[in-house]
Amino acid sequence: MPADRRLERYLDHAATSPPRPEVTAAVREAMEVTFGNPSSLHRKGLEAERALTRAREEVAGAVGAGPGEIVFTSGGTESNNLAIRGALRGLDRRGRHLITTAVEHPAVLSVARDLEQDGYRLTVLAPDARGVISVDDLGRALAPDTVLVSIMAVNNEVGSIQPIAEAARLLGEERTKGPRPVLHVDAAQALGRIPLNVGELGADLVSFSAHKLGGPKGVGALYVKRGTPLRPLLAGGGQEGGLRSGTENVPAIAGFGVAAHLAAEELPAVMAELAGLRHRLTQAVREQIPGSRLNGPPGGEPAAGLARPGTAAPHIVNFSFPGAPGEVLLHYLEEEGIYVSTGAACSSRKRGRSHVLEAMGLAPEEIDGAIRVSLGPRTTAADVDALVEALARALADIRRFTRR
């Protein structure tokens with residue numbers, strides 16, 4: 001590992017993104033100045049409440065929601081659980097069928113599997129070879145007792161952008177056959193990386209996580225469209241509109257608000273920069289590393305500020321290098337101060353192959369040799385070039401050793 005940390009190149013932003021200085025300042029101020037309980041009636045409580053209100057407005061503004069439609073949680077996992085379990089509890093008399101996809105984050109798939117054990121009927125949609133689900137498959141899976149559909153906006157391992165707006169239109173068209181199912185979207189990898197407006201998506205529930213865009217860990221949010229039946233998971237003091245009891249984490253929420261505001265403000269420039277870096281990376285790997293494979297869709301160059309479903313988000317790239325275990329590659333790169341991952345950070349320490357790559361139909365040796373590179377606003381062309389050079393050296397060493 002380089003002795004000089006300035007030489008470190010962090011390329012694992014999909015796992016977590018470094019906190020922005022403005023975010024750190026907001027967290028510090030909330031801890032040292034506006035430290036009161038937002039439910040207290042005295043001045044310190046009112047100061048904290050104003051900080052909470054400001055952050056709620058900033059997050060709502062970043063996603064095109066009303067401030068009253070934003071519920072703060074402890075992170076993306078809680079937001080997903082509140083959305084899925086809370087909606088099903090609110091719709092229990094309507095039906096017991098839910099639909100999700102085989103490429104969801106474990107925070108959705110594990111919930112769905114648990115509910116299946118509790119007697120719900122579960123349909124899991126398979127993706128195509130790009131990691132993209134078919135709206136036609138969704139239409140065929142719908143049934144009179146379908147109450148909830150959960151589809152992620154951007155896949156966290158391969159970056160595929162799912163056809164959320166098309167799925168929402170289909171659910172609206174199916175209303176004549178019964179009540180419209182609730183549509184939940186896990187947007188943890190979309191906020192701050194592709195254009196995101198909850199009204200244009202047509203979703204009822206959308207989950208967010210602050211630390212994916214330079215905010216603090218341990219805080220997230222759930223967009224709850226007005227009128228969506230949702231029952232809380234926690235009983236208590238009735239904070240967050242009665243949907244998430246517990247004293248609000250004002251410092252983390254304040255940091256989230258700042259991160260969301262800045263991400264929305266800078267999105268056009270950041271998106272274009274990341275798309276260019278992604279193209280540079282994929283081209284260099286294709287040209288300089290024989291036998292490599294790009295997993296997932298090709299990059300979707302932003303056109304008129306839009307990222308198209310079926311293409312890849314600009315910040316996530318997944319490669320396979322058959323014959324070179326991804327974990328070995330990861331540690332080779334780490335020795336050179338370059339940080340990537342072998343897949344979702346939440347499950348990287350557990351044994352087993354990527355469920356996303358398996359669902360896409362990759363062969364075992366392609367899955368075992370996969371790494372994920374995820375870019376961020378601080379990533380440079382020099383970082384990308386250094387990664388490709390280090391990959392080429394690492395692969396030459398590994399293949400020379402395995403030939404002995």
Side-chain angles (χ1 to χ4, degrees), residues 63 76-77 79-88 91 97-113 115-116 120-143 146-175 180-191 193-209 212 220 222-225 228 230 296-297 300 307-313 316 344 355-356 359-360:
V63 300
T77 293
S79 293
N80 287 336
N81 272 263
L82 175 57
I84 297 170
R85 296 183 186 275
L88 290 177
L91 297 167
H97 178 228
L98 60 148
I99 300 172
T100 189
T101 85
V103 295
E104 297 299 309
H105 189 278
V108 168
L109 271 177
S110 295
V111 177
R113 296 295 185 192
L115 289 163
E116 187 178 31
Y120 283 86
R121 190 163 60 87
L122 173 64
T123 299
V124 179
L125 303 176
D128 62 16
R130 303 168 299 159
V132 180
I133 64 107
S134 162
V135 176
D136 289 339
D137 287 349
L138 171 61
R140 284 187 286 270
L142 291 171
T146 305
V147 289
L148 183 134
V149 175
S150 182
I151 305 172
M152 67 191 339
V154 173
N155 183 264
N156 56 300
E157 291 197 34
V158 299
S160 48
I161 299 174
Q162 303 295 349
I164 303 297
E166 292 86 341
R169 282 195 290 272
L170 172 67
L171 296 184
E173 293 166 1
E174 291 289 316
R175 183 178 297 183
R180 178 187 182 275
V182 168
L183 176 60
H184 166 247
V185 175
D186 178 352
Q189 294 293 348
L191 181 58
R193 298 296 178 259
I194 65 172
L196 185 67
N197 182 291
V198 292
E200 293 174 2
L201 275 184
D204 304 290
L205 300 163
V206 186
S207 303
F208 308 106
S209 179
K212 306 298 186 181
L222 178 66
Y223 160 75
V224 183
K225 184 179 179 180
T228 302
L230 191 71
R308 293 175 285 109
T311 62
I316 297 177
H355 71 281
V356 172
M360 290 166 55

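Note: hydrogens, waters and symmetry copies are ignored here, and every other heavy atom, side chains too, is used.
Considering CZ of R308 and CD1 of I194, their distance stands at 12.0 Å, rounded to 0.5 Å. Separation of atoms CG (L91) and CG (L98) is listed at 11.5 Å; rounding is to 0.5 Å. The structure places CZ of R180 at 10.5 Å from CG of L142, a figure rounded to the nearest 0.5 Å.
Under the side-chain contact (heavy atoms from CB on, under 4.5 Å) criterion, T123 pairs with H97, I99, L125, A141, sequence neighbours left out. When the side chain to side chain donor-acceptor pair (under 3.5 Å) test is applied to N197, no partner is found at least two apart in sequence or on another chain. The side chain to side chain donor-acceptor pair (under 3.5 Å) check on E104 picks up T101, with sequence neighbours excluded. Residues passing the side-chain contact (heavy atoms from CB on, under 4.5 Å) test with V198 are V63, A65, V206, F208, Y223, sequence neighbours excluded. Partners of R130 according to the side-chain contact (heavy atoms from CB on, under 4.5 Å) rule, which considers only residues two or more places apart in sequence or in another chain, are D128, V132, P297. For E166, the side-chain contact (heavy atoms from CB on, under 4.5 Å) partners at least two apart in sequence or on another chain are V135, P163, R169, P309.
A 4.5 Å side-chain heavy-atom check between N156 and D186 finds every atom pair outside the cut-off. Side-chain contact between I316 and Q189: present, with at least one pair of heavy atoms (C-beta onward) separated by less than 4.5 Å. The closest side-chain heavy-atom distance from R193 to V154 is not below 4.5 Å. Put simply, the side chain of I133 reaches to within 4.5 Å of the side chain of Q162, judged on heavy atoms. Between L171 and V149, some side-chain heavy-atom pair lies under the 4.5 Å cut-off.
Test D204, L205, L183 against K225 for side-chain contact (heavy atoms from CB on, under 4.5 Å) and you get one pass: D204. Among L148, L122, V111, the one residue that satisfies the side-chain contact (heavy atoms from CB on, under 4.5 Å) test with T100 is L122. Exactly one residue among N80, T77, N81 makes a side-chain hydrogen bond (donor to acceptor under 3.5 Å, both in side chains) with S207. That residue is N80.
N155 and S160 share no side-chain donor-acceptor pair at under 3.5 Å.
Closest approach of A102 and A126 over heavy atoms only: CB-CA, 4.5 Å. Smallest separation of non-hydrogen atoms from V103 and P127: CG1-CG, 3.6 Å. Pairing each heavy atom of I84 with each of H184, the nearest pair is CG1-ND1, 4.0 Å. V182 approaches A87 most closely through the heavy-atom pair CG1-CB, 4.5 Å. Between I151 and A167, the shortest heavy-atom distance links the atoms CD1-CB, 4.1 Å. The two residues A83 and L230 come nearest to each other via the heavy atoms O-CD1, 3.8 Å.
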Could you go through the side-chain contact (heavy atoms from CB on, under 4.5 Å) check for V108 and M152 one step at a time?
CA-CA 9 Å; V108 168; M152 67 191 339; over 6 Å; no
Passes side-chain contact (heavy atoms from CB on, under 4.5 Å), L191 versus K212? Steps please.
CA-CA 8 Å; L191 181 58; K212 306 298 186 181; over 6 Å; no
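A side-chain donor-acceptor contact under 3.5 Å links S134 to the backbone of D137.
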